[in-house]
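Step one of this worksheet: look at the structure below.
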Amino acid sequence: MADYDYDVVVLGAGPGGYVAAIRASQLGLKSAVIEKEAPGGVCLNWGCIPSKALIHQAETVHAVKGLEAVGARVDLSGLDYERVHGKSRDAASKLSRGVQALLKKNKVDYIEGTGVFAAPHEVEVDAKRTVSGANVLIATGSRSREIPGFEFDGKLVVDSRQILGITRLPKKLLILGAGAIGMEFAYVMNAFGVEVTVIEMLDQILPLEDSEAVAVVEKAFKRYGITMQTGTRAVKLDRTAKTVKLTIEKDGAQEVLSADMLLVAVGRAPNTEGIGLEKIGVRTDRGFIEVGDYYQTAVQGVYAIGDVTASPLLAHVASKEGEIAVEHMAGHHPEKRIDPAAIPSAVYCEPQVGSFGLTEKRARENGVAYETAVFPYRGAGKSVAVEKSDGLVKIVFDPATREILGGHAVGANATEIIHELLLAKKAELLPEDIATMVHAHPTLSEAVMEGARVAEGWAIHY
Amino acid sequence: MAEKIPMTALSPTMEEGTIVSWSVKEGDTVSSGDVLCEVETDKTSVEYESAVDGTILKIVVEAGGSAAVGRTIAIMGEAGEDIADLVASAQQEGSDGSSAAVPSGEKTSAEEQSERSKEHQSSGKSAEKKESSGSAQSDAPALAPGVAKKPGESPGEAPKVGGSRIKASPLAVKLAAERNINLSLVTGTGTGGRIVKEDIENFRGVPGGAGSVSTSGAAGAGVLMADETIPVAGKRAVIARRLSESKFSAPHYYLKTSVEMAAVVAARKMLNEGRQTKVSLNAFFIKFAAEALKRHREVNASWQGDSIVQFGSIDIGLAVDVGTGLITPVVRNCGNRGVEEIDEDLVQLIEKARAGSLKPEEYTGATFTISNLGSFGVEEFTAIINPPGSAILALGATKATPVVRTNGSIEVAQIMKMTLSCDHRVIDGAAGGRFLYELQQLMENPARLLF
């Protein structure tokens, strides 16, 4: 066996790569991570984290406005978006430095530069030095998907990363794509006074979420004054110096919308070009790297995790996959891959959506026998007291075995309370187990307990 | 603390088992996983492994005897422990008239004899009592490794029924109940050996090595190998595609013959004498095949859909195993070259193949292919044609074999079996036969190369 510089070389220090590198170090593997930008990847620097900072500010705006109901005169006139933006950057840089420190603490070598495969076990960094590893983990992530005719220019037409960089708000914003990213920005921009229209090709906003949960979000967004057009295609884009004109089409009828900014959030493309994959024989399918158990590629010793593979494009998925991959490299026997039915997804607008597993629609399409149990937030006293009674908890379960097949929560703190259901799913608990567990009163989690009781046929507050 | 070892359900439907033989005797020390006895169930006979460490203090049911599931068959604990009470209660179970638990009294003491006869008198009553105690004991000590109570463990702890002592998820418990699966027979693969849904779904009953029951020594190791999916790409994908294309589109037929290898071996010896590097046997095979092909050009051909191409050059591929798969480097123009030249090429090509640095032109376009599995001791086999060629020669190991000579005498000769796979679209049976006969004759009498 040849001698390698490292046991594991990780390409990319995003939430998949840096977590994998640290886990590798914990397992006694000598590891290095190669990153061309800041540690933490898109998630930490230009995605999840800064956007959550903005959402938090947006929520504060809503909360402050809520004081009008008790007689306060609320004046938001001095609100300076540049400073709001500054807070989001502070959060990102603070956490990025934190990652750097964690890597150092765990004795992971951090190599700045662009890594390109020279051979299966060799990565060339900026064409200057070569780093070799007994194993190489590809965790180069993804970028916003660009569609012909709607190319990003960073000013009029932006992607999620570019919009996180703007310090001056547009007056009118069009958002193409009503997935989690589109909806979160719609919420933020609306809260800061931007006129927002969201255009979605499919017939539902948040197309991957359960329609009953989505209805709650839709109602709230309408109340905020956000326009949502579903079942609508973007046909053409014209740009002038300061405005965009977007031609949309619904049921054959066309309409032109104009705005001073267009956010295109229609999915993400894997960063698998230009890193020498073809040279070492790693195969891709529509850009995504094909992997087997433990996220091994067809080339021995080369693994791929996160957004570069066809698994859900979520930071927490990448992290877990990275852990599994390096545990396998270390000779451990982790689970072979993440159970797709137990991956949580979260949308952080207000109301939030937290979910996992089957939606009702998916269950129907797959011919899975199912029943649902739904409990509205308003049945949990806490939600009424804190004026967050719009929401629900929904459990999709197997009527015969009672197995939990899917969980959906929408409303305040939904992205947190979903985890009780998810733990139940993972531990193979049944609705009965949740129904009989004592929950503190008053909490929103009582809605989860009552949801389980609905499944068992004995909800108290419903 | 001593404990009763019960007969356990060694198959999902087993209610009673007969002890075929004991592998241990009283006084023996056993470890968890050791085979205690062989039990004949309603289906088969399986080995009953101990789930605990300890000393066999008493064998309650002798070989030949049978016991209902849950009935005590032995008592284990620490050497020298007082087990009178346990023996008594075990014997009491034995008083249940439905099955003869103790076949002979030769090893039991007089005291126990009398104890037993006393029990027999009150058998009607104690049978009822046994019912309840039997069910409470039925799963204890459970077979699931790691959860069985160990000797010396908190003496006050009462044995509980299976469900609460075996770690299993609520869903797994429910599924097991629905499917009538005894959880004590299921190996848990969840966190901390917990039985989860997947384990129930994968449960195929005993025998199969579940729990600590095994029918083979290998399963006694306790660790089941998990399935592993390996993505198919690169070389493996190419091999899969090309060979299925070949096998599914070219109608293969196979011709077999044996060759006496004495002449080839002698020729090789002659050539290699005094040489630093030895010319390989494969080089000889390639050379002989090339000469036979020269004489039968119809075999050195390719099916092209609406035409057949008879190749002008004889380019022979040799199947080489490079660890990660198969590759067939091609020696060009073998018809016009000698064995030594062929061998030089071969050495280089194989080296490159192992290093993974063969260029496409070095492993494609073989007009004929040889695959030699002789080094693995394979006697004979059939190979799949390697396109664009229309025939492949499969060579087995050379073995000392008795042969009947024309005069009827029997001699031992070095024989190699070879099988020619032909594409019937290109090579008819007679043509293939002629070629193979030619090859055999050349190898047995290399002087024929001059003819």
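Proteins get letters first, then strands, A, B, ... in listed order; numbering begins at 1 in each.
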[X] atom [atom1]: more than 12 heavy-atom contacts under 6.0 Å:
| X | atom1 | result |
| --- | --- | --- |
| A:Glu273 | CD | yes |
| A:Glu456 | CD | yes |
| A:Gln300 | CD | no |
| A:Lys426 | NZ | no |
| A:His332 | NE2 | yes |

Interface moiety of B:Lys197 toward chain A, non-hydrogen atoms closer than 4.5 Å: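 Answer is both: backbone and side chain atoms of B:Lys197 are under 4.5 Å from chain A.
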
What is the distance from atom CG of B:Asp199 to atom CD of A:Glu428, rounded to the nearest 0.5 Å?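 So the CG of B:Asp199 and the CD of A:Glu428 are separated by 8.0 Å.
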
How many angstroms lie between CG in B:Leu171 and CG in A:Asp398, if you round to the nearest 0.5 Å?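 Answer for the CG-CG pair, B:Leu171 versus A:Asp398, is 8.5 Å.
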
Which heavy atom of B:Ser169 sits nearest to which heavy atom of A:Ala427, and what is that distance?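 Nearest pair, atom of B:Ser169 first, then A:Ala427: CB-O, 3.4 Å.
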
For B:Lys174 versus A:Ala400, what's the shortest heavy-atom pair and its separation?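 Reported closest heavy-atom pair: CE-O, 3.9 Å.
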
